[in-house]
Amino acid sequence: MCRSEKWLVACCVFFFVPRRCRTVQAASCILVLSCPWCVELVLPLTTVATAVMNRESFAAGERLVSPAYVRQGCEARRSHEHLIRLLLEKGKCPENGWDESTLELFLHELAIMDSNNFLGNCGVGEREGRVASALVARRHYRFIHGIGRSGDISAVQPKAAGSSLLNKITNSLVLDIIKLAGAHTVANCFVVPMATGMSLTLCFLTLRHKRPKAKYIIWPRIDQKSCFKSMITAGFEPVVIENVLEGDELRTDLQAVKAKVQELGPDNILCIHSTTSCFAPRVPDRLEELAVICANFGIPHIVNNAYGVQSSKCMHLIQQGARVGRIDAFVQSLDKNFMVPVGGAIIAGFNDSFIQEISKMYPGRASASPSLDVLITLLSLGSNGYKKLLKERKEMFSYLSNQIKKLSEAYNERLLHTPHNPISLAVTLKTLDKHHDKAVTQLGSMLFTRQVSGARVVPLGSVQTVSGYTFRGFMSHTNNYPCAYLNAASAIGMKMQDVDLFIKRLDRCLKTVRKEQSKESDDNYDKTEDVDIEEMALKLDNVLLDTHQDASS
């Protein structure tokens, strides 16, 4: 046991063990050096039953208040402590979500284990958890020291036993949820306070030390800037593999990948960088086949699974890829999958030692905010609550698909057939593009000004330069897709009223665009009346939405 671990044991003994029981033997099982926690923090049944207000405190209280009332209060507190004890013992997300009082009790008792919250603490260093604003301290539940140490983001921090517990527990809960979502054999994961792009960069930088000769990353094209720039930022040269059109879908060109591996040589290739979640008509890469190619040529495989945790199909692809071939790590966003603020990601993998290498590559300590956010969220939801959200998302995908299909047929358009994409949908805009080259982008602007966010229109012939690389047909994932189209996605947390309101506003926007096209040549046509009508309709939609939300709450 290292010095920092001994210090953490001492802190846990001081705060969680009654004075009469404070022995090394009583605390020896606080740190468990075995799977699945890997130096995880587990407080056993014998040491957490009384927590901070131990039996001596309650006994003293009985001299002031009726013993019967004190015992009743003690039992009520034990019901909260029982939930905390089970969490620490099992390291898994509870089936049912916790109430706020249990959550706040847990967070408060973790926070007072950090040195900045010690009553008699005397800090004389340059980083002592001092905070000028009390509001900032409350916002962070007084977890000021962050997570990790300078050499490892997953390491225990001597000054911050509570924050270290928070970090370990969060990683354990997230691992449990990833398994629940479909990657059943994942070995390890950790939360990193960076979004998906920078987290991918961290993976690439870790591989650099294992493959010093490598300079290329093979990347089946997906028109999303952050994943492309993650390779550039890491100092590697992306080798773009164009997708092939199969029906309406854009799919991985496996022959082109193999040919490029043989052309460049496996030793010169850092990894294959594949993608699961994406905008239709692009569909998830052929992960199983790519994983086999990686295994056969001895090339690492990093998967961008940005918002794939919410999709059982994406998680199944990752699990199957690891089973039949090679997947070294897969990265997913916290905000897209767990409905928390932007700024965090999960790096996970099937090789425990490699995931530990990535965590040790992170320079310096890290913010605890993303870990705290996802911990609170998962404990509030429970595994049953998260599974319910996943089920509702699937139902909303089917509902959104049906509603868009009906609307598209009314305007002589069609819903693109993309059965391999479980999250995103695309509907053609051929009639708009045929009559007016700016009508497609105009539709996107109209939707945005009418408070429709997330929908994206993709015109033909767009050219974009990213970090010196020029992409033709940018946003469509290919140089020449047959038609312009509109994207919409069914992501976790979407409700039926969101779909209904989107369809209603899209319908009005399409009518307005077509009306403007048909009357564009009429100099005497006054558009003011139509604009006023649109504004009144928007206000009415907002009132109806507010009324629906009030009724729901």
Side-chain angles (χ1 to χ4, degrees), residues 181-183 218-224 227 240-258 272-294 301-325 327 330-333 336-337 390-391 393-405 408 413-428 454-456 458 473 475-483 485-492 494:
I218 292 180
W219 179 66
R221 177 178 171 179
I222 173 170
D223 290 351
Q224 203 273 339
C227 59
V240 182
I241 304 296
E242 292 292 338
N243 300 299
V244 293
L245 185 64
E246 296 181 7
D248 290 334
E249 293 182 325
L250 290 167
R251 307 211 66 188
T252 315
D253 190 342
L254 295 172
Q255 294 304 316
V257 172
K258 283 184 182 179
I272 291 179
H273 177 192
S274 62
T275 304
T276 54
S277 52
C278 54
F279 294 116
R282 174 71 152 82
V283 299
D285 281 318
R286 300 181 187 270
L287 250 60
E288 292 182 48
E289 294 87 340
L290 289 175
V292 170
I293 292 173
C294 289
H301 186 185
I302 304 295
V303 180
N304 175 10
N305 189 46
Y307 46 100
V309 177
Q310 62 189 283
S311 165
S312 58
K313 183 175 288 187
C314 290
M315 297 305 287
H316 176 74
L317 287 174
I318 292 172
Q319 177 64 39
Q320 286 298 102
R323 185 182 67 82
V324 302
I327 291 180
F330 55 102
V331 179
Q332 35 274 309
S333 166
K336 293 183 178 75
N337 294 289
L390 299 183
K391 179 175 178 289
R393 191 210 66 80
K394 280 188 177 181
E395 293 171 352
M396 286 302 101
F397 180 80
S398 298
Y399 183 65
L400 176 64
S401 177
N402 291 333
Q403 295 301 106
I404 288 183
K405 185 177 180 181
S408 63
E413 302 287 359
R414 68 183 183 88
L415 180 67
L416 294 175
H417 185 61
T418 55
H420 291 96
N421 194 318
I423 299 174
S424 178
L425 297 164
V427 58
T428 64
R456 57 198 291 273
V458 182
M475 293 174 64
S476 65
H477 319 288
T478 186
N479 290 334
N480 296 292
Y481 196 74
C483 65
Y485 57 86
L486 167 74
N487 277 131
S490 172
I492 190 168
M494 177 180 260

Arg393: salt bridge (Lys or Arg N to Asp or Glu O under 4.0 Å) partners, not counting sequence neighbours: none
From CA spacing to verdict: side-chain contact (heavy atoms from CB on, under 4.5 Å), Asp248, Arg414: CA-CA 11 Å; Asp248 290 334; Arg414 68 183 183 88; 2.8 Å; yes
May I have the step-by-step check of side-chain contact (heavy atoms from CB on, under 4.5 Å) for Ser312 and Leu390, ending in yes or no? CA-CA 8 Å; Ser312 58; Leu390 299 183; over 6 Å; no
Leu486 CG to Ser408 OG distance, which is reported to the nearest 0.5 Å: 10.5 Å
Separation between CE of Met475 and OH of Tyr485, rounded to the nearest 0.5 Å: 7.5 Å
Is Thr418 reaching over with its side chain to a backbone N or O of Asn421, donor-acceptor style, under 3.5 angstrom? no
Holding to salt bridge (Lys or Arg N to Asp or Glu O under 4.0 Å), I want the full list of residues that pass it with Lys394, two or more places apart in sequence or in another chain. none
Going by side-chain contact (heavy atoms from CB on, under 4.5 Å), name the residues that satisfy it together with Ala181, two or more places apart in sequence or in a different chain. Val309, Met315
Between the OH atom in Tyr481 and the OG1 atom in Thr428, the distance rounded to the nearest 0.5 Å is 9.5 Å
Under the side-chain contact (heavy atoms from CB on, under 4.5 Å) rule, what do Leu245 and Leu250 come out as? Steps first, then yes or no, please. CA-CA 5 Å; Leu245 185 64; Leu250 290 167; 3.9 Å; yes
Taking every heavy atom of Asn337 against every heavy atom of Ala306, the minimum-distance pair comes out as ND2-O, 2.9 Å
If only atom types and distance count, is the side chain of Gln332 paired as donor or acceptor with the main-chain N or O of Phe330 below 3.5 Å? yes
Looking only at heavy atoms, which two atoms of Ser311 and Ile423 are closest? And how far apart? CB-CD1, 3.9 Å
Would Glu289 and Arg251 satisfy salt bridge (Lys or Arg N to Asp or Glu O under 4.0 Å), going step by step from the backbone distance to the final call? CA-CA 12 Å; Glu289 294 87 340; Arg251 307 211 66 188; over 6 Å; no
Please check if the number of heavy atoms outside Lys405 that lie under 6.0 Å from its NZ is greater than 12. no
May I ask you to decide if Ser277's main-chain N or O and Asn305's side chain share a donor-acceptor pair within less than 3.5 Å? no
Tightest non-hydrogen contact, residues Gly308 and Cys314, listed as O-CB, 3.6 Å
Name all residues meeting the side-chain contact (heavy atoms from CB on, under 4.5 Å) criterion together with Asn479; count only those two or more places apart in sequence or in a different chain, and write none if there are none. Arg221, Glu242, Arg472
Apply ring pair (Phe, Tyr, Trp, His ring centres under 6.0 Å) to Tyr307 and list each qualifying residue two or more places apart in sequence or on a separate chain. none
Which residues pass the side-chain contact (heavy atoms from CB on, under 4.5 Å) test with Cys227, not counting sequence neighbours? Leu200, Trp219, Ile222, Gln224, His273, Asn304
Within the side chain of Ser476, is there an N or O that forms a donor-acceptor pair under 3.5 Å with the backbone of Thr478? yes
Look only at the side chain of Ser424 and the backbone of Phe279, and say whether a donor-acceptor pair between them is shorter than 3.5 Å. no
Pairwise distance NE2(His477) to CG(Asn243) - rounded to 0.5 angstrom: 8.5 Å
Looking only at heavy atoms, what is the nearest atom pair of Ala488 and Ile404, with distance? CB-CD1, 4.0 Å
Working to the nearest 0.5 Å, report the span between OG of Ser274 and CD1 of Ile218. 11.5 Å
Over all atoms of both residues, closest heavy-atom pair of Val324 and Glu288: CG2-O, 3.9 Å
What is the minimum heavy-atom distance between Pro220 and Thr252, and which atoms define it? CG-CG2, 4.2 Å
Say you draw a straight line from CG of Leu287 to CG of Leu317; how long is it, rounded to the nearest 0.5 Å? 5.5 Å
